[in-house]
Colleague: 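Please read through the structure below; I'll follow up with questions.
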Amino acid sequence: MKTIDELLAEGVAGKRVFVRADLNVPLSGTTITDDGRIRAVQPTVEKLAAAGAKVIVASHLGRPKGAPDPAFSLAPAAARLGELTGADVAFATDTVGESARATVAALTDGRVAVIENLRFNPGETSKDDAERGAFADQLAELADVYVGDGFGAVHRKHASVFDLPARLPHAAGDLIATEVGVLKKLTEDVARPYAVVLGGSKVSDKLGVIDHLLERADRILIGGGMAYTFLKAQGHEVGSSLLQEDQIPAVLEYLRRAEEKGVEFVLPVDVVVSEQFPDLKTKAPTQHSTVPAHAIPAGVMGLDNGPETNKLYASKLADAVTVFWNGPMGVFEHPDYAEGTRAVAQALVDSSGFSVVGGGDSAAAVRILGFDENAFGHISTGGGASLEYLEGKTLPGLAALED
């Protein structure tokens, strides 16, 4: 896999360099609520611009239905990239149409443009190779060189991720190189003890990674909505908590295998419960209480780890040399149910081990809860991509960058 530094050594001055970034940032209207993914690709964009390239940045945002939708425009991301780089960033209002062609043609050496949301074109996500390839052909006409730096999308077999690199000389950006290097630390010659913290809403989202980590981890700590399926599998009542009953057989098998292999499975011992889900817009205070995890009353739902669980999890992470965390411990967006997630983040900050925050909601939680990103070993930009890498899957976007 060619690096961007090798590409720069060959010379990019005057060349049109297509950077497949991940600008899939959360928006409130047109306001970006977390610009972490834009800041993550900023070094690659600045490095190329400084070398005299004409930089074309492209990305998806959200899940538009293959047609333009103002709610998913990349215009706010383009504006934020301009603010971060301190340079004027041009913006094309389409992907491969008249605006994109004119915007790219107007670029001078060292300048940057962002083209509109790639998913506004149905060819980007098409499962039909010919349709995807036709869109990749149109994108290729805009550029001379391809740089893949959207780690959050490398697990997708999409036109700009998988098909386009085959049509242009290509290299991996700094972000992808960093992400892959970090993930290798979690899969090859791992420093131990190796602890994994998994949260989020559904067990089904984590089945593959749990299966893979049972062969590698020393401890697996479970929280979030998925914990209640584990508790139910152990025979405990979970009230009206989130539950995937169809996953109980798989969970029981994982618990059996963990015991067989000597992998410590850690589940909540107390949880914070309420009769109703909190209002995340107003964040109004709620009626809630803490109950033992094995005795959740009927009519209430678990929404966060309790204080004893927070202490337990902190103790299980204190001596870990390597930690991977993916998924919040509760509804961290509401202050009444943020302490479990905060406690895990604080335990990673306090640990002297190498900690990896596995993207998605976990990365957002770190920022929303006010933690210094530099206090963690690495904060990934791609939750789904990180999980699939840890599952041992071949990621299309990485395979496409291999020479």
Colleague: Just list the side-chain donor-acceptor pairs under 3.5 Å for residues 395-402, sequence neighbours left out, or say none.
Modeller:
none

Colleague: Any pair with a residue in residues 94-115 that passes ring pair (Phe, Tyr, Trp, His ring centres under 6.0 Å), sequence neighbours left out, goes on the list, sorted by first then second residue, please.
Modeller: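 Non-adjacent pairs meeting ring pair (Phe, Tyr, Trp, His ring centres under 6.0 Å): zero.
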Colleague: Can you pull the side-chain hydrogen bond (donor to acceptor under 3.5 Å, both in side chains) pairs that have at least one residue in residues 97-106, sequence neighbours excluded?
Modeller: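 Of all non-adjacent pairs touching residues 97-106, those that pass side-chain hydrogen bond (donor to acceptor under 3.5 Å, both in side chains) are Thr93-Ser99.
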Colleague: Step by step, would you call Glu179 with Ser380 a side chain to side chain donor-acceptor pair (under 3.5 Å)?
Modeller: CA-CA 7 Å; Glu179 293 275 10; Ser380 178; 3.0 Å; yes
Colleague: Counting only heavy atoms not in Lys65, do more than 12 sit closer than 6.0 Å to its NZ atom?
Modeller: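 Not buried by this count: 12 neighbours or fewer within 6.0 Å.
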Colleague: Do the side chains of Val45 and Leu84 get nearer than 4.5 Å, heavy atoms only?
Modeller: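 SC-SC contact between Leu84 and Val45 ruled out.
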Colleague: Any salt bridge (charged side-chain N to carboxylate O under 4.0 Å, His left out) pairs touching residues 373-387, not counting sequence neighbours?
Modeller: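 Only Arg39-Glu373, Arg367-Glu373 qualify under salt bridge (charged side-chain N to carboxylate O under 4.0 Å, His left out).
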Colleague: Output all residues satisfying side-chain hydrogen bond (donor to acceptor under 3.5 Å, both in side chains) with Tyr337, sequence neighbours left out; order by chain, then residue number.
Modeller: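 So Tyr337 forms a side-chain hydrogen bond (donor to acceptor under 3.5 Å, both in side chains) with Thr286.
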Colleague: With salt bridge (charged side-chain N to carboxylate O under 4.0 Å, His left out) as the rule and sequence neighbours excluded, what pairs involving residues 310-333 come up?
Modeller: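 Of all non-adjacent pairs touching residues 310-333, those that pass salt bridge (charged side-chain N to carboxylate O under 4.0 Å, His left out) are Arg219-Asp319, Glu264-Lys316, Glu308-Lys311.
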Colleague: Any side-chain heavy atom of Asp270 sitting closer than 4.5 Å to one from Pro292?
Modeller: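 In short, these two side chains do not touch, never coming nearer than 4.5 Å.
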Colleague: I'd like to know if Arg167 pairs up with Glu141 as an ion pair, taking the criterion as any Lys NZ or Arg NE/NH1/NH2 lying under 4.0 Å from an Asp or Glu carboxylate oxygen.
Modeller: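 Between Glu141 and Arg167 there is no salt bridge, as every charged N stays at least 4.0 Å from the carboxylate O atoms.
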Colleague: Between Asp336 and Pro285 (side chain of the first, backbone of the second, donor and acceptor by atom type, cut-off under 3.5 Å), is there such a pair?
Modeller: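 No: the side chain of Asp336 does not pair with the backbone of Pro285.
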Colleague: Can you list everything that forms a side-chain hydrogen bond (donor to acceptor under 3.5 Å, both in side chains) with Glu83? Sequence neighbours excluded, please.
Modeller: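 In terms of side-chain hydrogen bond (donor to acceptor under 3.5 Å, both in side chains), with neighbours along the sequence ignored, Glu83 is linked to Arg80.
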Colleague: Among all residues two or more places apart in sequence or in another chain, which pass the side-chain hydrogen bond (donor to acceptor under 3.5 Å, both in side chains) test with Asn121?
Modeller: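 With sequence neighbours excluded, Asn121 shows a side-chain hydrogen bond (donor to acceptor under 3.5 Å, both in side chains) to no residue whatsoever.
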Colleague: If you measure from CG on Asp304 to CZ on Phe332, what distance do you get to the nearest 0.5 Å?
Modeller: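 So the gap between those two atoms works out to 11.5 Å.
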Colleague: Any chance CG of Asp372 has more than 12 other-residue heavy atoms, nucleotides or ligands included, within less than 6.0 Å?
Modeller: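 Atom CG in Asp372 is packed in, count exceeds 12.
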Colleague: Could you give the side-chain donor-acceptor pairs of residues 49-63 under 3.5 Å, partners two or more places apart or in another chain?
Modeller:
residue: Ser59; atom: OG; partner: Leu23; partner atom: N; Å: 2.7
residue: His60; atom: ND1; partner: Arg20; partner atom: NH1; Å: 3.3
residue: His60; atom: ND1; partner: Arg20; partner atom: NH2; Å: 3.3

Colleague: Would you mind writing out the side-chain donor-acceptor pairs for residues 106-116 within the sub-3.5 Å range, not counting sequence neighbours?
Modeller:
residue: Glu116; atom: OE1; partner: Leu74; partner atom: N; Å: 2.8
residue: Glu116; atom: OE2; partner: Ser73; partner atom: OG; Å: 2.8

Colleague: Counting only N and O atoms by type, is there a donor-acceptor contact under 3.5 Å from the side chain of His236 to the main-chain atoms of Phe230?
Modeller: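 Checked: no pair found.
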Colleague: So Leu168 and Val145, do their side chains get closer than 4.5 Å, heavy atoms only?
Modeller: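 Not in contact.
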Colleague: Using 0.5 Å steps for rounding, measure from the CD atom of Gln138 to the OG1 atom of Thr95.
Modeller: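 Separation between the atoms: 7.5 Å.
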Colleague: Under a 3.5 Å cutoff, is there a donor and acceptor pairing between the side chains of Thr85 and Gln42?
Modeller: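 Not at all, the side chains of Thr85 and Gln42 share no donor-acceptor pair under 3.5 Å.
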Colleague: Give, for atom CG of Leu255 and atom CZ of Arg257, the distance between the pair rounded to the nearest 0.5 Å.
Modeller: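 Result: 11.0 Å between the selected atoms.
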Colleague: Between Leu207 and Tyr254, is there a side-chain heavy-atom distance shorter than 4.5 Å?
Modeller: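 Yes, their side chains come closer than 4.5 Å.
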Colleague: Around atom CD of Glu253, are there more than 12 heavy atoms from other residues, nucleotides or ligands closer than 6.0 Å?
Modeller: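 Yes, because the 6.0 Å sphere around CD of Glu253 holds more than 12 heavy atoms from other groups.
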Colleague: Is there side-chain contact between Leu317 and Trp325, with at least one heavy-atom pair below 4.5 Å?
Modeller: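 Contact flag for Leu317/Trp325 side chains = no.
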Colleague: Using the ring-ring contact (aromatic ring centres under 6.0 Å, His included) criterion, which residues pair with Phe91? Sequence neighbours excluded.
Modeller: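 Phe91: no ring-ring contact (aromatic ring centres under 6.0 Å, His included) contacts found.
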Colleague: Tell me whether Glu10 is salt-bridged to Lys15, with the criterion being a basic N under 4.0 Å from an acidic carboxylate O.
Modeller: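 Salt bridge between Glu10 and Lys15, a charged N being under 4.0 Å from a carboxylate O: no.
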Colleague: Give a yes or no answer on whether the side chain of Lys261 reaches the backbone of Ala258 with a donor-acceptor pair at less than 3.5 Å.
Modeller: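 Side chain of Lys261 to backbone of Ala258: no pair is present.
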Colleague: Restricting to pairs with a member in residues 143-156, which pass side-chain hydrogen bond (donor to acceptor under 3.5 Å, both in side chains), not counting sequence neighbours?
Modeller: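 Output for this query lists Arg16-Asp144, Thr44-Asp149.
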Colleague: For Asp88, I'd like to know if atom CG has over 12 heavy atoms of other residues, nucleotides or ligands within 6.0 Å.
Modeller: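 Open: at most 12 neighbouring heavy atoms sit under 6.0 Å from CG of Asp88.
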Colleague: Got Val41 and Asp22 here, is their nearest side-chain heavy-atom distance under 4.5 Å?
Modeller: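 Not touching, per the 4.5 Å side-chain cut-off.
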Colleague: Do Lys206 and Leu387 come within less than 4.5 Å of each other through their side chains, counting heavy atoms only?
Modeller: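 Yes, at least one pair of side-chain atoms sits under 4.5 Å.
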Colleague: Taking it one step at a time, do Gln247 and Thr229 satisfy side chain to side chain donor-acceptor pair (under 3.5 Å)?
Modeller: CA-CA 7 Å; Gln247 299 299 329; Thr229 301; over 6 Å; no
Colleague: CD1/Ile368 to OG1/Thr33 distance, rounded to the nearest 0.5 angstrom?
Modeller: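 One finds 6.5 Å between CD1 of Ile368 and OG1 of Thr33.
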Colleague: Could you go through the side chain to side chain contact (heavy atoms under 4.5 Å, CB included) check for Asp174 and Thr3 one step at a time?
Modeller: CA-CA 7 Å; Asp174 286 338; Thr3 68; over 6 Å; no
Colleague: Would a distance-only check, ignoring hydrogens and angles, find a side-chain to backbone donor-acceptor pair under 3.5 Å from Thr309 to Val269?
Modeller: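 Judged by distance alone, yes, a pair lies under 3.5 Å.
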Colleague: Any non-hydrogen side-chain atom of Ile32 less than 4.5 Å from a side-chain atom of Leu27?
Modeller: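 Answer yes - side chains close enough.
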Colleague: Looking at Pro64, is its backbone amide N or carbonyl O close enough to the side chain of Arg119 to form a donor-acceptor pair, meaning the two atoms are under 3.5 Å apart?
Modeller: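 No: the side chain of Arg119 does not pair with the backbone of Pro64.
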Colleague: Quick check for you: to the nearest 0.5 Å, what is the distance between Tyr194 atom OH and Lys185 atom NZ?
Modeller: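 Here the interatomic distance stands at 13.0 Å.
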